[in-house]
Amino acid sequence: MLDINFIRENPDAVRENIKRKFRQDKLPLVDEVIELDKKRRELQKEGDSRRADRNRLAKLIGTLMREGKKDEAEEAKAQSKANNDRVAEIERECAEVEISLKKAMTAIPNMIAPDVPDGRDDSQNVQGEVFLEAKAKPFEVPYHVDILEKLGGIDLDSARRTSGNGFYFLTGDIARLHSAILTYARDFMIDKGFTYCIPPFMIRSDVVSGVMSFDEMEGMMYKIEGEDLYLIGTSEHSMIGRFMGQTLPESALPQTLTSYSPCFRKEKGAHGLEERGIYRIHQFEKQEMIVICKPEESDMWYEKMWRYTVEMFVSLEIPVRQLICCSGDLADLKYRSCDVEAWSPRQGKYFEVGSCSNLTDAQARRLGIRYKNEKTGKNEFAHTLNNTVVAPPRMLIAFLENHLQADGSVHIPKVLQKYMGGKDKIEVKV
RNA sequence: GCAGAGAUGGCGGAGUGGUCGAACGCGCACGACUCGAAAUCGUGUUACGUAGGAAUACGUACGGGGGUUCGAAUCCCUCUCUCUGCGCCA
């Protein structure tokens, strides 16, 4: 969400930005917003002066009543009543305009960073840095579910019976590995100076509608029957909700947080749910990082954050690369974003295991996340960023494929061994 | 879950239909006093929106939403949260 003053003063820049994202369909929104904003201000002007009249008359009536001038008071009452009818009318109209205005405003994308590569869609994303050598295995790498079954680590049939498609039982060493990865990732981020958080796994509807659009909500969120509660799709939802409507002292910034949560997603309309296995599922767990900082620091944090994820994967001996999101692939709130992708020896290509975004002040403006700027004494919008540290069932795929040995066992890298009771490999069971 | 009490500015805390953006105190900022400091005294100190170069003016906001009234922090309804007691429970 952009600042209305910015749109009013820089309509051409806003239009250019929309064009860079290949969203010509959104161009009319700019004029629409400017028009609605004009209307809103006109309505407010009249409303304000009418309300001023109301206040004046109300005071006058009070005075007249006290002085016992009943007739004059009654006259003023009638006058006030007429005035108030018009006030109510304006307020109705104003509320309507404001709803349309907000709707149009939220549909206008955030300004994107100047150095974001231009491109129409995800096919035009650009490879950034590459870490560790992406090697093929000297033997055939099976599909991840087959690897998991061989290790006695998964039971999808039972999960389908208890919960349906898109769920899993992880068992034995694999379940332990799953926890080990999360615990390792948690400690990794704590060592980087982040504060570990466990947030609520359910949030109210007003928080949901704050952090996502109605369509996103429909496609993702599970609602609790009979309660005003939703299961979170990512801990970002509760973590950012935590700061809604808050003004933080400048000394409280940056907030560098790492949160753990299970994530629940309907994945409605997501084509990938038929993909066999644990790539796209209704429930997974994730270690996330969230940063809320001053505007001048968000570029720096963005760079640090995605590199932390890379560093963590590299420490687990998994080859990764940075994939820079092109203009057309950036969601509306994002200033810039990149995916961290892990190497899949089976497919001979990289696949997404995490995503890092700088939303500048767009999310903060929408949710009212401010900080008090000590220099200017003004309350200003903070910048918000989020990034995946690791989301295990999916990352497990990369882990298994990269550490698979010729004999079917899976090697456990050194840094993880202490979380696995000293084991250096998981052996074939079946 | 039941019963009672409550939610006011950065904090504490007045205010029960009109002159209340809100007494008083604390805190904070600036100034005076001082070699400097403490103490003291003085001045200032909510946010958001609209208009304006600015000073400022007007509007809105006393947990959220709705209602009564010419007028609501104050009355009514509703939701949320907090505290106390009882119940229940890892």
Side-chain angles (χ1 to χ4, degrees), chain A residues 1-9 33-102 104-106 198-211 223-230 237-238 241-253 262 361 364-382:
Chain A
M1 194 167 170
L2 291 172
D3 183 358
I4 181 67
N5 294 308
F6 180 84
I7 300 177
R8 205 186 297 144
E9 283 155 28
V33 161
I34 290 171
E35 201 48 47
L36 285 167
D37 170 55
K38 198 172 148 207
K39 188 137 185 231
R40 195 199 99 239
R41 282 185 296 158
E42 277 165 10
L43 285 169
Q44 182 175 351
K45 229 185 208 168
E46 191 187 344
D48 279 359
S49 78
R50 293 242 177 214
R51 272 189 290 263
D53 287 343
R54 178 177 70 189
N55 292 341
R56 211 172 305 121
L57 282 168
K59 269 181 198 172
L60 178 66
I61 291 163
T63 313
L64 290 173
M65 294 292 265
R66 225 170 299 115
E67 289 170 358
K69 297 175 180 167
K70 225 168 167 210
D71 294 349
E72 285 177 55
E74 285 305 321
E75 200 179 305
K77 267 193 198 183
Q79 207 181 327
S80 182
K81 186 127 194 164
N83 183 58
N84 288 353
D85 288 346
R86 177 64 187 147
V87 169
E89 207 174 294
I90 290 169
E91 279 175 356
R92 249 192 320 274
E93 220 175 308
C94 202
E96 263 172 50
V97 170
E98 268 166 17
I99 289 168
S100 318
L101 181 60
K102 181 149 192 217
M105 291 270 290
T106 48
I198 302 176
F201 301 156
M202 298 183 207
I203 51 175
R204 290 226 173 88
S205 56
D206 59 331
V207 179
V208 176
S209 52
V211 294
K223 188 175 187 334
I224 305 295
E225 178 78 31
E227 306 269 343
D228 180 30
L229 285 172
Y230 291 79
H237 294 157
S238 10
R242 187 179 172 201
F243 296 97
M244 268 173 85
Q246 304 284 308
T247 304
L248 300 161
E250 190 175 324
S251 59
L253 298 183
D361 62 0
R365 176 169 295 106
R366 188 164 149 179
L367 299 176
I369 302 172
R370 297 186 168 86
Y371 75 101
K372 191 173 182 78
N373 185 324
E374 295 297 342
K375 266 200 203 94
T376 62
K378 292 265 173 227
N379 290 339
E380 293 171 6
F381 290 109

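These values consider heavy atoms only, across backbone and side chains, with no hydrogens, waters or symmetry-generated copies. Proteins come first, then strands; the chains are lettered A, B, ... in the order of their sequence lines, and each starts at number 1.
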Closest-nucleotide 5' rank along RNA chain B - winner of A/Arg41 and A/Glu380: A/Glu380
Listed partners of A/Lys69 passing salt bridge (Lys or Arg N to Asp or Glu O under 4.0 Å), at least two apart: A/Glu67
Under 4.0 angstrom, heavy atoms only, what part of the nucleic acid is A/Asn379 near: base, sugar-phosphate, or nothing? sugar-phosphate
Going 5' to 3' along RNA chain B, which are the first and last nucleotides with any atom under 4.0 Å from a heavy atom of chain A? B/G18 to B/C81
Residues 52-65 of chain A, side-chain donor-acceptor partners within the protein, below 3.5 Å, at least two apart:
| residue | atom | partner | partner atom | Å |
| --- | --- | --- | --- | --- |
| A/Asp53 | OD1 | A/Arg56 | NH1 | 2.9 |
| A/Thr63 | OG1 | A/Lys59 | O | 2.9 |

Numerically ordered, the residues 69-83 of chain A set in heavy-atom contact under 4.0 Å with RNA chain B is A/Lys77, A/Ser80, A/Lys81
Separation of the P atoms in B/G15 and B/A47, to the nearest angstrom: 27 Å
Considering only atom P, compute the distance from B/C28 to B/G65 and round it to an integer number of Å. 34 Å
Which is true for A/Arg56 with a 4.0 Å heavy-atom rule: it touches a base, it touches only sugar-phosphate, or it touches nothing? nothing
C1'-based separation of B/A22 from B/U45 [nearest Å]: 15 Å
Listed partners of A/Ser205 passing side chain to side chain contact (heavy atoms under 4.5 Å, CB included), at least two apart: A/Asp228, A/Tyr230
In whole angstrom, give me the gap between the C1' atoms of B/A73 and B/A7. 12 Å
Give A/Asp228 one of three labels, base, sugar-phosphate or nothing, depending on what nucleic acid heavy atoms sit under 4.0 Å from its own. nothing
Give me the distance, rounded to whole Å, that separates B/C76 from B/U82 when you measure between the P atoms they each carry. 24 Å
Residue pair A/Asp37/A/Lys59 against RNA chain B: nearer the 5' end by closest nucleotide is A/Lys59
N/O donor-acceptor pairs under 3.5 Å from side chains in residues 241-250 of chain A, not counting sequence neighbours:
| residue | atom | partner | partner atom | Å |
| --- | --- | --- | --- | --- |
| A/Glu250 | OE1 | A/Glu374 | N | 2.5 |
| A/Glu250 | OE2 | A/Lys294 | NZ | 3.0 |

Listed by chain and number, what are the salt bridge (Lys or Arg N to Asp or Glu O under 4.0 Å) partners of A/Glu9, not counting sequence neighbours? none
Main-chain N/O of A/Met1 paired to A/Arg365 side chain as donor or acceptor, under 3.5 Å: yes
With sequence neighbours left out, write down each residue that passes side-chain hydrogen bond (donor to acceptor under 3.5 Å, both in side chains) with A/Asn84, or none if nothing qualifies. none
How far does the C1' atom of B/G64 sit from the matching atom of B/U80, given to the nearest Å? 7 Å
Looking across every strand, which nucleic acid part, if any, lies under 4.0 Å from A/Leu57 by heavy atom: base, sugar-phosphate, or nothing? nothing
A/Lys81/A/Asp85 salt bridge by N-O under 4.0 Å criterion: no
B/U74 to B/C62 separation - C1' atoms, rounded to the nearest Å: 10 Å
Under the side chain to side chain contact (heavy atoms under 4.5 Å, CB included) test, which residues partner A/Val33, sequence neighbours left out? A/Ile4, A/Ile7, A/Leu101, A/Ala104, A/Met105, A/Ile108
Electrostatic pair A/Arg86:A/Glu89 at N-O distance under 4.0 angstrom: yes
According to side chain to side chain contact (heavy atoms under 4.5 Å, CB included), who are the partners of A/Lys378, at least two apart in sequence or on a separate chain? A/Thr376, A/Glu380
Base-pairing string, 5' to 3', of RNA chain B - Watson-Crick or wobble, under 3.5 Å, | interstrand: ((((((((.[[[..)..(.....]]]((((((.......))))))((((((....)))))).[[[[[..)....]]]]])))))))....
Across all chains, not counting sequence neighbours, the side chain to side chain contact (heavy atoms under 4.5 Å, CB included) partners of A/Pro200 are A/Ser238
Taking the P atom of each, how far is B/G87 from B/G10, in whole Å? 40 Å
